[in-house]
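Only one structure is covered here, and it is reproduced in the block below.
Just the heavy atoms: all of them, side chains too, but no hydrogens, waters or symmetry mates, feed the values below.
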Amino acid sequence: MDKPVCLIDTASDGKLCVQGSALQVLEQIQQPVVVVAVVGLYRTGKSYLMNRLAGKQTGFALGSTIESKTKGIWMWCVPHPTKAETTLVLLDTEGLGDVDKGDSKHDTRIFSLAVLLSSTLVLNSRGTIDNRAIEELQYVTELTEYIKIKSPDEAVDDAEFVKFFPSFIWAVRDFTLQLNIDGKDATEDEYLEFALKLKLVNNYNLPRECIRKYFPSRKCFTFPFPTNPDNVSYLETLDPAEISQRFLEVTGRFCQFIFDQSQVKNLKDGHTVTGRVLGHLVKTYVDTIASGAVPCLENAVISMALIENEAAVKEGLEVYQSGMEKLKKSFPLELNEITSEHQCFSLMATQTFMKRSFRDSDGKYLASLEVGGINELFDGYLCQNEQASKKRCEDLLSSLSATMTEKLKQGIFAKSGGYDLFCKDLEDIVKKYNSQTNKEVKAEAVFKVFLKQKSVDSKAILQADKRLTEKEKKIKEKAILLEQEIKAKEEAQRQLLEKMEAERQSNEERMRQMKEKMDEEMRLQREEAERAMDSKLREQAALLEKGFQEKADRMSQEMEEFKRQNAEAESNRAREFAELLYLYI
């Protein structure tokens with residue numbers, strides 16, 4: 001994208017709505033996405049930072065009046081500067097606190113969407129991180145009213161949000177204080193943590209507790225004034241020489257930190273979000289809010305799983321069909337050759353499915369790919385290969401038996417000793433036919449039909465041959481047909497064994513891929529749980545340090561319950577996988 005586009009706008013009825021053109025952009029992005037959203041009061045310079053992250057001087061609108069310039073949420077997708085095969089999605093949100101807004105809940109909805117959609121949330125403010133600045137973040141205290149992890153009737157510990165919320169960066173603009181705490185020099189991060197410390201004061205801790213609880217990964221950058229106050233409104237057009245070097249240095253550190261540390265967006269349970277999935281999430285969340293309901297992470301994952309798994313089946317079938325259609329141009333092929341290629345394309349299809357699918361714990365969609373898709377298609381290709389083989393064999397027999405047919409018309413075999421002559425010609429046809437069709441899948445079946453067709457001529461010639469006794473006639477009549485019937489049965493058995501062995505190998509590889517995917521999903525879930533547990537431990541230590549013994553004890557109980565739930569979830573997942581494997585044994 002060479003410039004930003006509006007992703008979420010406000011309709012005439014005041015409800016949020018998604019812009020179809022922006023969804024089309026996201027639909028084309030198959031790569032994982034790092035999503036950085038910026039929120040903050042209006043007219044605090046949010047858009048400038050986002051332009052710098054995009055590597056541009058201009059792009060997101062910078063206002064020069066007291067009006068809020070950005071409305072809704074705007075999006076800019078650019079190649080990630082340090083992560084290969086990854087897209088950086090920048091979301092610039094409408095300024096909070098705009099007096100012209102009629103709906104008091106509008107700001108909280110915008111803030112909630114920024115949290116839901118981003119992997120890194122940047123809070124942009126001016127001045128200092130004082131009590132007033134924190135008190136103005138009432139949106140954080142309201143998050144659990146506007147975002148649910150599970151359905152509304154299921155009770156969930158607030159600390160669960162830490163597993164799914166983005167990392168948090170506080171960008172303090174126009175900062176003029178000395179970074180000094182209790183007479184000692186402090187870092188920007190220490191300054192932030194000091195501002196978020198809890199106190200034994202009523203109504204003081206709530207916003208701080210929420211920030212600490214919901215955003216365990218926190219970072220702070222303090223930006224000095226960028227330039228002369230008269231030039232601030234024209235920041236995007238200023239020459240770098242007119243901008244404070246200190247400001248440019250902090251901006252550079254800010255951008256580099258986000259490039260290096262911001263993680264790819266993941267869904268609950270660790271599924272990687274692509275641009276396409278992000279588009280589905282935007283639509284799901286905005287439609288939910290517009291309906292008056294509360295966005296639910298669990299419902300969004302279920303909705304995404306349905307969409308993505310159906311699409312994964314379709315993509316897998318397309319990969320299989322594409323390969324087999326190219327192979328079809330070479331029909332007829334030997335059975336082992338077409339089976340080998342089928343295995344190869346089937347595994348490629350399964351790999352494609354595995355990359356996109358998630359939460360297919362009962363194997364429903366994998367079964368749909370294989371049983372209702374690949375297997376049916378393979379049967380169809382086998383049939384087409386057999387038809388091509390049948391035609392080639394029939395054409396070859398027609399050519400090889402042309403001389404015999406002419407002799408039959410001329411009555412050359414209708415004499416004493418004619419049956420032996422007929423059998424010799426037939427044996428010559430068999431030898432030539434077998435040498436040219438020894439690997440054809442329909443060779444024996446076609447030749448069996450050919451012999452039946454010739455049996456009428458054979459019987460007539462046999463009965464007319466006066467040199468043979470009746471006993472010899474009966475033996476010779478059965479000999480050729482019996483030999484061919486044995487060959488046909490042997491060939492059918494060989495083909496069946498080949499198919500069974502191919503299916504066994506496919507199942508082994510499929511089980512290997514399934515275990516690999518399950519191991520990866522379990523790893524992501526463990527990492528989620530570890531991050532949440534680390535956050536709880538840090539928070540508990542902070543509570544103990546400030547004398548909140550009761551809260552620290554309560555958190556110990558929460559952690560024990562958290563461990564139990566995670567162990568149970570891991571056990572359930574392992575059981576589901578074992579049941580799924582059983583279906584393929």
Side-chain angles (χ1 to χ4, degrees), residues 327-342 378-500 502:
L327 184 68
K328 190 170 78 170
K329 296 175 183 177
S330 303
F331 284 1
L333 296 170
E334 300 174 25
L335 180 61
N336 64 347
E337 188 174 355
I338 189 173
T339 301
S340 174
E341 291 299 309
H342 154 71
F378 183 47
D379 288 342
Y381 286 117
L382 284 178
C383 184
Q384 293 176 57
N385 189 60
E386 288 176 356
Q387 290 299 316
S389 177
K390 180 170 179 270
K391 185 176 186 309
R392 177 184 284 183
C393 292
E394 287 173 345
D395 290 346
L396 179 60
L397 274 177
S398 178
S399 173
L400 293 175
S401 63
T403 302
M404 174 186 277
T405 302
E406 189 60 31
K407 286 181 178 180
L408 285 168
K409 287 180 181 178
Q410 295 176 8
I412 292 176
F413 301 120
K415 61 184 180 181
S416 179
Y419 188 74
D420 284 338
L421 290 175
F422 177 81
C423 287
K424 184 178 181 306
D425 282 2
L426 189 58
E427 285 173 6
D428 288 341
I429 291 173
V430 170
K431 286 179 182 178
K432 290 178 182 177
Y433 178 78
N434 285 339
S435 68
Q436 297 179 52
T437 64
N438 63 330
K439 295 296 182 180
E440 288 287 350
V441 293
K442 297 299 288 183
E444 304 304 330
V446 168
F447 196 68
K448 186 176 181 180
V449 172
F450 173 76
L451 287 180
K452 283 186 176 180
Q453 291 172 345
K454 295 301 179 186
S455 65
V456 176
D457 297 322
S458 174
K459 287 178 181 178
I461 295 168
L462 184 60
Q463 295 303 321
D465 195 331
K466 303 300 183 184
R467 282 183 10 184
L468 298 174
T469 66
E470 287 301 317
K471 185 176 181 181
E472 288 175 327
K473 287 178 182 179
K474 287 182 180 179
I475 292 172
K476 286 182 176 288
E477 185 178 355
K478 293 180 179 179
I480 294 178
L481 284 175
L482 182 60
E483 180 184 355
Q484 199 58 37
E485 189 172 324
I486 291 171
K487 279 187 178 181
K489 286 182 178 179
E490 288 176 347
E491 179 61 21
Q493 182 67 14
R494 184 186 70 82
Q495 291 184 14
L496 177 62
L497 291 174
E498 277 189 17
K499 287 182 70 175
M500 289 173 64

**Message:** Would you say that F413 contacts D425 through its side chain, given a criterion of any heavy-atom pair below 4.5 Å between the two side chains?
**Reply:** yes

Pairwise distance [atom1]([X]) to [atom2]([Y]) - rounded to 0.5 angstrom:
| X | Y | atom1 | atom2 | answer |
| --- | --- | --- | --- | --- |
| K407 | D457 | NZ | CG | 14.0 Å |
| K454 | L426 | NZ | CG | 9.0 Å |
| S340 | N336 | OG | CG | 7.5 Å |
| N385 | K328 | CG | NZ | 11.0 Å |
| E427 | N434 | CD | CG | 11.5 Å |
| F422 | M404 | CZ | CE | 4.5 Å |

So does [Y] get a backbone contact from the side chain of [X], meaning a donor-acceptor N/O pair under 3.5 Å?
| X | Y | answer |
| --- | --- | --- |
| S389 | K442 | yes |
| Y433 | C393 | no |
| S455 | K452 | yes |

**Asked** Under the criterion salt bridge (charged side-chain N to carboxylate O under 4.0 Å, His left out), which of K424, K431, K432 is the partner of D428?
**Response** K424

**Message:** Among L333, L335, I338, which residue satisfies the side-chain contact (heavy atoms from CB on, under 4.5 Å) criterion with V441?
**Reply:** L335

**Request:** Any pair with a residue in residues 385-405 that passes ring-ring contact (aromatic ring centres under 6.0 Å, His included), sequence neighbours left out, goes on the list, sorted by first then second residue, please.
**Result:** none

**Asked** Does F450 have its ring centroid less than 6.0 Å away from the ring centroid of F447?
**Response** yes

**Request:** Evaluate the ring planes of Y381 and F331, with Trp represented by its six-membered ring, and classify them as parallel (under 30°), tilted (30 to 60°) or perpendicular (over 60°).
**Result:** perpendicular

**Request:** Take E394 and K390 through the salt bridge (Lys or Arg N to Asp or Glu O under 4.0 Å) test and state the conclusion after the steps.
**Result:** CA-CA 6 Å; E394 287 173 345; K390 180 170 179 270; 3.2 Å; yes

